[in-house]
Amino acid sequence: MTITKEALGTEVVPPSHGWNFTFFSRNDLIAYSFLLPFAIFFGIFTLGPFITGVGLSFTDHHILRPGTEFVGFENYVELVTDDPVFHRSVINTLYYTAILVPATVIIGLLLALYINSKLFGHTFSRIILFAPYVLSVSVTSLVWAWILDSQYGLLTLYLSKIPGVPSNIPWLSNIHLVMPSIALLSIWWQTGFSMILFLAGLQDIPNELIEASKIDGAGTFQTFWFVTLPLLRPVLTLTITLTLIVSMKVFGPMYIITQGGPAARSYSVVYYLFMQFRRLELGYASSVGILLLLMILLITLIRMILLRDQTTS
Amino acid sequence: MSNKKNYSRRDFLKLSAAAGAGALAAVPASRAWAGSNPIAGLRRKLQTQELIVWADRGEPQASILNTFVDMYNEKLAADGSGVTLKFENIHPGIEERLAAVAAARDGYPDIVLANSGESYLPQYITGGLIPALNPVLDEIGFAWDDLLPGMQRKIDGQNHWMIYSASAFLQFINLDHAAAAGLDIESNPPDSTESMLEWADAMTERDANGNVTRSGFLLTGSGGHPGAVWGNRLQSLGGSVLTDDGAGTNFNNDMGLEAIDWLMNCFDEWNISDINMTDRYNQWLTGNASIFWSGNWVIASSLQQEGLNFATWKMPSWQGGRASRATGEAMFMMDTGDQDRMMASGEFLKWFTEHLGEYNAEAGDICPTKSGSELDVYVNRPSAPFAEPVHQAYDEGFAYYTNFHPDGNVFNYYFGEVVTRNLDNVWQGLQEPQEALDRMQEEVQEILDDRPALAYTIE
Amino acid sequence: MSNIKTRRTVAFNSFMWLLGMGLTLLWLVPIAWMIVSSLKPEGEILTLTPEWIPSRVTIEHYIKIFEFPVVLWFRNSFIVATVTTILRLAVAAPAGYVFARYNFKGKNWLFVLFLATMMIPFEISLVPLYLLISNMGLANSLTAMILPGVANVVALFIFRQFFLNLPKELEDAAAIDGCSPWKTFFRIALPLAKPAILVVIILSFVENWNAFLWPLVIGNAETKTLAVGVTRFNPTGGDTAGTQFFGPAMAAATLMAIPSLLIYFLLQRYFVEGVTTSGMKG
């Protein structure tokens, strides 16, 4: 993995001046020189503002109110114990995640298997299925706001041809339909990404393994279950992790289409953060962001433990 | 440029930013670099007399505002004044932009031609960033008498913004549906709630099971629209979310409940509205609804819509009261701390006010000045006959105003966060009416205890 | 025996094909509907039966959109997306390389730190970042839109994964020949990293082309990007709803989608190859 001293053909010569050079080896310094450009931009524009945000979350800072005070964990305590709209936002976000992650993973895997089987038209399919992923949230939301129109939307128009289905379906204005509808939009938008990841994983599996398993008399399903799937485990882990993070941070469709309604049933955590920002309550908004970060870390941790258990059993 | 107030907070933010990343170490270098950078922002340009005008409008209003700013620039050039206005439409997203420049205390616009601005004006007025216009406008001789009654809303006796287009709620009625139901607007207009309900019932189309397939009365099942209709019913009865002094409430009572019942009856009892309705403007425009309560901004698109034959009428009376939600598009200045710039901005506000007849004739909106309302081009604009109910709302004094709270759009009937969310619980069947009103009362009171709403007077 | 098996395979393949093709066509519908709608006369857009073929094709909505400074917005978006992409490549490639090839003090800590920042919602940094940029005197500039996107953790990971999977014999040989580490990187490693570079180009260009919230807050009339500009035509929500129509909105959406789709279609072959060879497998 590393360029060893032997490979470099040089001995590390301790420099004659300065203690700092003995703390960092020459190898370290070379490595840092590669990292430096990235680290400068990262430090100034990513880490710096974030740490400011962490600092703000312990204050009652309001953009226009004079006199910011340090309030310790007050914002956090209030969010956790006494803020029903925040609680609702957390529930909505988890609900959305619970729909989106399994859906994109399962559909993405099926589509990857289909494309990998090199049937007629698989290139066409691959191109089309990934295409939505390159569209912006404003385009996606605009198009879907219309497809999900209660009366003139394409989805309603086709579904209402089925007898018994009403001609007016409140996709975005009914408390039970709004989150699944937004999840539907996101499934269309993001499944291509998990599909591409799975495809990459599938193409890395040596064909000999599959063939060998078939010669041994295993059926298609058995081969998939006992050979392909275990080999895909790293990709599966990565896909789940990435989709989890993205879906916990969902914001755009709420901002553009539903404005959190109806009855706060489409408030996501980030949308709630944004509403606090609009109220200029920067301290409180920052606390929401930090809590979200902690939630994502926790869920990722749970995911790691769960998937690890599966392999040992 | 910079505001002298609140330095402690700025310092705090700067410090934490610096502590965060040593980021400020990079500031001097980048600043020097920015000085030589042609696309490095407005800092340098602001030294000249260029006033920044932000607009927050959709089309066509944004483009029309732009032409008026251009016209003013031509006048300035002809006068050889050395001042120019730079127009920029920020729509949507003005709240985000304002929050950011307020946090930085730098980069404000000089003038904002807003959409109603209800949701953020109070925040910035209490925050001291939107100054009273009176000192500047008085000095340059602004014609206050030219404003129609009801067009000025004063806080502490001062005008912090002016209305450049007035709005009020009115009834839109599909005349084809009326004719098919044998109704005549001349002889029997839907002027009272009783007759309006008769009209709606006669025009509703229902399927064999009795489900509404075409709403006689357009009412959506969640969001700002039922909120606004509930507000109208409540105000007709004499209630309101907040009292005028901004300290108390007047909705968690029989009036609030009766207003809720009225809406629920439209869905359930009278069966004239479809609770699954979402997209109210398109439903109205395509002739899928017969009576629609909305603002005069719908007139222009209704006129454009082919095959839509419609009339308007003032909001119906109810139990002896009558009410129409009044709003207006606001224009205001921001406190750049530079007296010259603010005077120059005031000059534009004065000039634009003198041309509001032409502007509103073109935009199809309601002119707030007397002289403008008498212009031929305004009187003869295509939307004029349909806008009559808006004038009536102001002239006959049944226009009501939304409250103003420094927390932003929380208590307004129209998309006010607290109001909409709690009422949605009723329309969506999650809570009983009394339960929802109690909960709303609790939330409103909690916010008022923290900070009261702004008291205002109407002139 | 083998006959049954062949028949089974045929049945399975048919099933897979029907499923895959069915989903493909379903996936195509929203984009197709967007384009078709943008070409319909306004009066034919809101209909109670889905009409896929307009009575006449019109570009009136596009003409209407071009009454606005769309060309300027387009240019701004292009500059921001391109320059960010170039700078992102320049800083992420050596950083990703070093994570794959070197062991150094603090490596694991840095790695975890970078990973964790992927989980931060950007909205939390919005105001602090604005203050920073504003203090630098860069508010309203295209530079301000470019700088925050340069250090991108995903790009770093893509390069790291790529170099982890790349045999390093060539680099070792170069090092033995006396090449300096940077020279080895530029002369040997980077030219081999074309697939990873293409992946980063596509992801980065598309991401920055589509960026919305930050350009909205930091830009002005001269530096407005297309993603922000087209929201003018959004017919849903807010006070001005009812005065806007779906036709121009769909035309704006189509215009916005074309460059991302184009760069994707043109590079997609390399892209999928790239994803495969760079093995973004965690």
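Reckoned from all heavy atoms, side chains included, excluding hydrogens, waters and symmetry mates. To find a chain, count down the sequence lines: A is the first, B the second, and so on, and within it residues start at 1.
The two atoms that bring C:Pro30 and A:Val143 nearest to each other are O-CG1, 3.7 Å, heavy atoms only. For the residue pair C:Trp27 and A:Trp188, the shortest heavy atom distance occurs at O-NE1, 2.9 Å. Taking every heavy atom of both residues into account, A:Leu157 and C:Pro50 meet most closely at CD1-N, 3.7 Å. In terms of heavy atoms, C:Val91 sits closest to A:Pro37 at CG1-CB, 3.7 Å. Considering every non-hydrogen atom in both A:Ser33 and C:Trp182, the closest pair reads OG-NE1, 2.8 Å. Between A:Ser125 and C:Met21, the closest heavy-atom pair is OG-CE, 3.8 Å.
Between C:Met118 and A:Thr241 there is no side-chain heavy-atom pair separated by less than 4.5 Å. A 4.5 Å side-chain heavy-atom check between A:Ile147 and C:Trp33 finds at least one atom pair inside the cut-off. Side-chain contact between C:Val98 and A:Tyr32: absent, with no pair of heavy atoms (C-beta onward) separated by less than 4.5 Å. Annotation: side chain of C:Ile45 is not in contact with side chain of A:Tyr152 (no heavy-atom distance under 4.5 Å). Residues A:Ile30 and C:Tyr102 meet the side-chain proximity criterion, which asks for heavy atoms closer than 4.5 Å. A 4.5 Å side-chain heavy-atom check between A:Tyr114 and C:Leu23 finds every atom pair outside the cut-off.
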Check: residues 132-142 of chain A side-chain donor-acceptor pairs under 3.5 Å, at least two apart:
unit_1, atom_1, unit_2, atom_2, d
A:Ser136, OG, A:Ser138, N, 3.4
A:Ser136, OG, A:Ser138, OG, 3.1
A:Ser136, OG, A:Val139, N, 3.2
A:Thr140, OG1, A:Ser136, O, 2.7
A:Ser141, OG, A:Val137, O, 2.8

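Within the 4.5 angstrom heavy-atom criterion, atoms from both the backbone and the side chain of A:Leu113 approach chain C. Proximity to chain A (any heavy atom under 4.5 Å) is shown, for C:Leu87, by neither the backbone nor the side chain. Heavy-atom distances place the side chain of C:Phe265, and not its backbone, under 4.5 Å from chain A. Contact of A:Ile107 with chain C is made through the side chain alone, with heavy-atom distances under 4.5 Å. The parts of A:Ile187 that come within reach of chain C are both its backbone and its side chain, each placing non-hydrogen atoms under 4.5 angstrom from that chain. For chain C, no part of A:Leu232 is nearby; none of its heavy atoms comes within less than 4.5 Å. C:Val153 touches chain A through backbone and side chain together, each having a heavy atom under 4.5 Å away. For A:Phe50, the parts lying under 4.5 angstrom from a heavy atom of chain C are both the backbone and the side chain. Heavy-atom distances place the side chain of C:Phe99, and not its backbone, under 4.5 Å from chain A. For C:Ala116, the part lying near chain A is the backbone, with the side chain staying farther off; criterion is any non-hydrogen pair under 4.5 Å.
To the nearest 0.5 Å, the span separating CD1 on A:Ile115 from OG1 on C:Thr24 amounts to 6.5 Å. The CD1 atom of A:Ile44 sits 11.0 Å away from the CG atom of C:Leu129 when rounded to the nearest 0.5 Å. Note that CZ of A:Phe42 is 8.5 Å distant from CG of C:Leu110, once rounded to the nearest 0.5 Å. To the nearest 0.5 angstrom, A:Leu293 atom CG is 7.5 Å from C:Ile124 atom CD1. Atoms NZ and OG1, from A:Lys161 and C:Thr49 in turn, are 7.0 Å apart once rounded to the nearest 0.5 Å.
Chain A forms the most heavy-atom pairs under 4.5 Å with one residue out of C:Met256, C:Met16, C:Glu207, C:Met119, and that residue is C:Met119. Counting heavy-atom pairs under 4.5 Å between each of C:Ala253, C:Pro121, C:Ala92 and chain A puts C:Pro121 at the top. Ranked by heavy-atom pairs under 4.5 Å with chain C, the list A:Phe124, A:Trp144, A:Tyr158 is led by A:Tyr158. Highest contact tally toward chain A, considering only C:Val230, C:Leu213, C:Asp177, C:Thr254, is held by C:Leu213 [criterion: heavy-atom pairs under 4.5 Å].
Looking at A:Leu292, A:Val269, A:Val288, A:Val270 one by one, the single match for side-chain contact (heavy atoms from CB on, under 4.5 Å) with C:Glu123 turns out to be A:Val270.
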TODO: I would like to know whether C:Ser37 and A:Trp146 meet side-chain contact (heavy atoms from CB on, under 4.5 Å); could you show each step before the answer?
DONE: CA-CA 11 Å; C:Ser37 308; A:Trp146 191 28; 2.8 Å; yes
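A donor-acceptor pair is defined here as one N or O able to donate and one able to accept, closer than 3.5 Å; such a pair exists between the side chain of C:Trp17 and the backbone of A:Phe120. A:Asn27 places a side-chain N or O within 3.5 Å of a backbone atom of C:Asn103 that can act as its donor or acceptor partner. Between the side chain of A:Lys249 and the backbone N or O of C:Ile120 there is at least one donor-acceptor pair closer than 3.5 Å.
Looking at residues two or more places apart in sequence or on another chain, you find a side-chain hydrogen bond (donor to acceptor under 3.5 Å, both in side chains) between A:Tyr255 and B:Glu96.
Between C:Phe185 and A:Phe34, the ring-plane angle classifies as perpendicular under the 30° and 60° cut-offs.
Within a 6.0 Å radius of CZ in C:Phe15, no more than 12 heavy atoms belonging to other residues, nucleotides or ligands are found.
Separation of the C:Phe114 and A:Phe38 ring centroids falls under the 6.0 Å cut-off.
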